[in-house]
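Single-structure report; data block below.
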Amino acid sequence: MANRKFWILVVVVVIFIGNMSYIYYNNIKVSTIMEYIQRSDQENSTSTQAATVRPLTGMWTVGPAGRLGNIMGEYATLYALAKLNGHQAYITQNMHNQLSKIFKIKLPVINDEALNRIKWRDYWLHDWMSPEYYNIEGEYVRFTGYPCSFTFYHHIRNEILEEFTFLDYVKEESYAYLDKVRGDKKNVTFVGIHVRRGDYVHVMPNTWKGVIADKGYLDKATDYFRKKYENPLFIVTSNGMDWCKENMNNSREDIHFAGDGQEGSPGRDFALLAHCNHTIMTIGTFGVWAGYLVAGETIYLDKYVLPDSPFLNVFKYEAAFLPEWIGIPADLSPLLGKQNGQ
């Protein structure tokens with residue numbers, strides 16, 4: 001009996017040694033085999049998941065309205081809501097013409113003839129994500145409104161940033177300008193500043209019971225970066241450049257006024273802001289998108305309308321500005337003084 005057990009043990013050892021020799025001489029490691037098995041399981045699992053993903057259907061689009069910042073918000077919102085509801089997003093030729101000047105836009109374009117022939121379901125969006133937007137019905141939906149809030153698309157932030165990849169020549173122009181501004185200075189931190197004026201000078205106080213950025217706000221915002229960084233350089237873009245030059249404190253000669261202040265070609269100004277390290281915005285979607293793409297520190301003008309402003313019916317501060325951004329409350333005293341005078 002003992003001899004039988006002995007010979008059985010011998011046979012088992014011989015088989016084991018033979019298998020291990022085969023693995024060794026064929027340069028196959030046990031760990032490699034296990035990795036292969038695990039990788040195969042993962043690939044099969046991924047293939048199964050891909051096979052069960054429902055293909056995108058229909059045609060969803062958005063009627064482009066407003067200027068560059070608005071159009072970027074509409075593009076991002078369309079991209080996110082169409083994907084969320086399982087439909088294919090398309091953009092109009094007009095939207096493509098605007099965005100493709102500076103970005104490598106990827107969404108397909110609707111032919112103008114098709115755009116006019118399709119019986120669209122027009123769907124108005126307010127400027128923040130709502131539960132009903134998770135289940136929008138219709139194969140041919142066209143969004144309207146001025147959606148821009150990060151609450152629509154922040155969950156797919158990386159995809160949105162990829163959609164707004166700058167054209168190579170645009171990046172080269174921006175970096176060339178910043179290099180020229182830097183000169184021989186070391187440890188430079190670029191801070192892009194967008195000062196929105198133009199029509200807002202009259203619209204905010206007269207229509208929305210609000211204010212725009214004043215000298216005090218810009219002094220506080222620039223001082224924040226001056227105290228925090230060794231060599232900050234401020235790159236200012238604005239549609240009211242004369243006002244900026246008269247009111248911004250440039251005693252340290254660290255402020256550079258870029259562009260010609262014309263609203264007709266905002267792409268260059270926006271690209272400069274987006275290639276800085278941090279952002280100071282005032283109000284408007286142009287500055288919001290600059291801060292979102294830069295992804296550094298962003299300072300924004302906060303609480304810039306009165307509590308009874310009709311603006312708050314269509315706008316929510318918490319849906320417009322990311323939680324980590326830094327808000328500096330606006331000085332509403334000019335409006336309060338006006339009310340008291342009445």
Side-chain angles (χ1 to χ4, degrees), residues 64-74 98 126-128 145-150 191-222 234-248 255 257-270 272-274 279-293 298-321 325-339:
R67 298 169 181 167
L68 180 59
N70 299 117
I71 295 174
M72 291 178 66
E74 291 150 12
Q98 295 298 318
H126 50 230
D127 196 15
W128 56 87
Y146 293 87
C148 186
S149 170
F150 70 88
V191 181
I193 303 179
H194 178 247
V195 181
R196 175 71 186 272
R197 291 188 60 81
D199 57 336
Y200 272 30
V201 172
H202 304 289
V203 170
M204 288 307 298
N206 298 326
T207 303
W208 298 119
K209 296 183 178 180
V211 298
I212 59 176
D214 59 9
K215 173 178 170 52
Y217 165 76
L218 292 170
D219 285 345
K220 291 177 183 178
T222 51
F234 301 97
I235 308 299
V236 178
T237 67
S238 176
N239 57 352
M241 195 64 81
D242 290 340
W243 182 93
C244 294
K245 292 178 179 178
E246 292 173 3
N247 289 274
M248 296 187 70
I255 297 178
F257 300 98
D260 55 11
Q262 299 300 314
E263 296 182 346
S265 55
R268 179 177 177 275
D269 286 356
F270 184 82
L272 280 177
L273 296 177
T279 307
I280 296 173
M281 60 165 293
T282 52
I283 56 177
T285 55
F286 194 92
V288 167
W289 273 108
Y292 195 80
L293 266 58
T298 297
I299 294 181
Y300 65 93
L301 185 68
D302 196 15
K303 302 295 186 293
Y304 52 84
V305 297
L306 294 175
D308 62 344
S309 168
F311 189 66
L312 297 178
N313 296 326
V314 297
F315 177 86
K316 296 180 182 295
Y317 291 104
E318 65 273 18
F321 309 118
W325 290 4
I326 303 168
I328 296 178
D331 178 11
L332 296 176
S333 59
L335 294 176
L336 296 174
K338 183 178 180 181
Q339 283 189 337

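Starting from 1, each residue takes its place in the sequence as its number.
Using a 4.5 Å heavy-atom threshold, the side chains of Ile283 and Met204 count as touching. Contact annotation: the side chain of Asp302 never approaches that of Ile326 to less than 4.5 Å [non-hydrogen atoms, C-beta and beyond]. Side-chain contact between Val305 and Leu312 is present, with heavy atoms from C-beta onward closer than 4.5 Å. By the 4.5 Å heavy-atom criterion applied to side chains, Asp127 and Val314 are not counted as neighbours. At a threshold of 4.5 Å between non-hydrogen side-chain atoms, the residues Leu335 and Pro205 count as touching. Residues Thr279 and Val191 fail the side-chain proximity criterion, which asks for heavy atoms closer than 4.5 Å. Annotation: side chain of Ile193 is not in contact with side chain of Ile235 (no heavy-atom distance under 4.5 Å).
Partners of Asp331 according to the side chain to side chain donor-acceptor pair (under 3.5 Å) rule, which considers only residues two or more places apart in sequence or in another chain, are Ser333. Residues forming a side chain to side chain donor-acceptor pair (under 3.5 Å) with Trp208 (at least two apart in sequence, or on another chain): none. Partners of Lys245 by side chain to side chain contact (heavy atoms under 4.5 Å, CB included), not counting sequence neighbours, listed by chain and number: Met241, Phe257. Residues satisfying the side chain to side chain contact (heavy atoms under 4.5 Å, CB included) criterion with Ala319, sequence neighbours excluded, are Trp128, Ser149, Thr151, Lys316. The side chain to side chain contact (heavy atoms under 4.5 Å, CB included) check on Lys303 picks up Tyr317, with sequence neighbours excluded. Remark: Asp219 pairs with Lys215 by the side chain to side chain donor-acceptor pair (under 3.5 Å) rule, at least two apart or across chains. Judged as a side chain to side chain donor-acceptor pair (under 3.5 Å), and not counting sequence neighbours, Thr285 has no contacts. Residues meeting the side chain to side chain contact (heavy atoms under 4.5 Å, CB included) test with Val288, sequence neighbours left out: Met281, Phe321, Trp325. Scanning for ring-ring contact (aromatic ring centres under 6.0 Å, His included) contacts around Phe150 gives His154, with sequence neighbours left out. Residues satisfying the ring-ring contact (aromatic ring centres under 6.0 Å, His included) criterion with Phe234, sequence neighbours excluded, are absent altogether.
Atom CG of residue Asn247 and atom CG of residue Leu218 lie 8.5 Å apart, to the nearest 0.5 angstrom. Distance check, rounded to the nearest 0.5 Å: CH2 of Trp289 to CG of Asn70 gives 11.5 Å. Taking CZ of Arg197 as the reference point, atom NE2 of His202 lies at 9.0 Å (rounded to 0.5 Å). Between Ile299 atom CD1 and Thr282 atom OG1 the span is 12.5 Å, to the nearest 0.5 Å. Atom OH of Tyr292 is separated from atom OG1 of Thr298 by 11.5 Å, given to the nearest 0.5 angstrom. Expressed to the nearest 0.5 Å, how far CD1 of Ile328 lies from OH of Tyr217 amounts to 5.5 Å.
Counting only distance, with no hydrogens or angles, the side chain of Gln98 and the backbone of Leu68 share no donor-acceptor pair below 3.5 Å.
The two residues Val211 and Ala330 make their nearest non-hydrogen contact at CG2-CB, 3.7 Å.
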- Task: Would you sort out whether Met248 and Val236 count as a side-chain contact (heavy atoms from CB on, under 4.5 Å), showing the intermediate values?
- Result: CA-CA 10 Å; Met248 296 187 70; Val236 178; 4.0 Å; yes
- Test side-chain contact (heavy atoms from CB on, under 4.5 Å) applied to Trp243 and Val195, step by step: CA-CA 10 Å; Trp243 182 93; Val195 181; 4.2 Å; yes
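Using bins of under 30°, 30° to 60° and over 60° for the plane-to-plane angle, the ring pair His194/Phe286 lands in the tilted bin.
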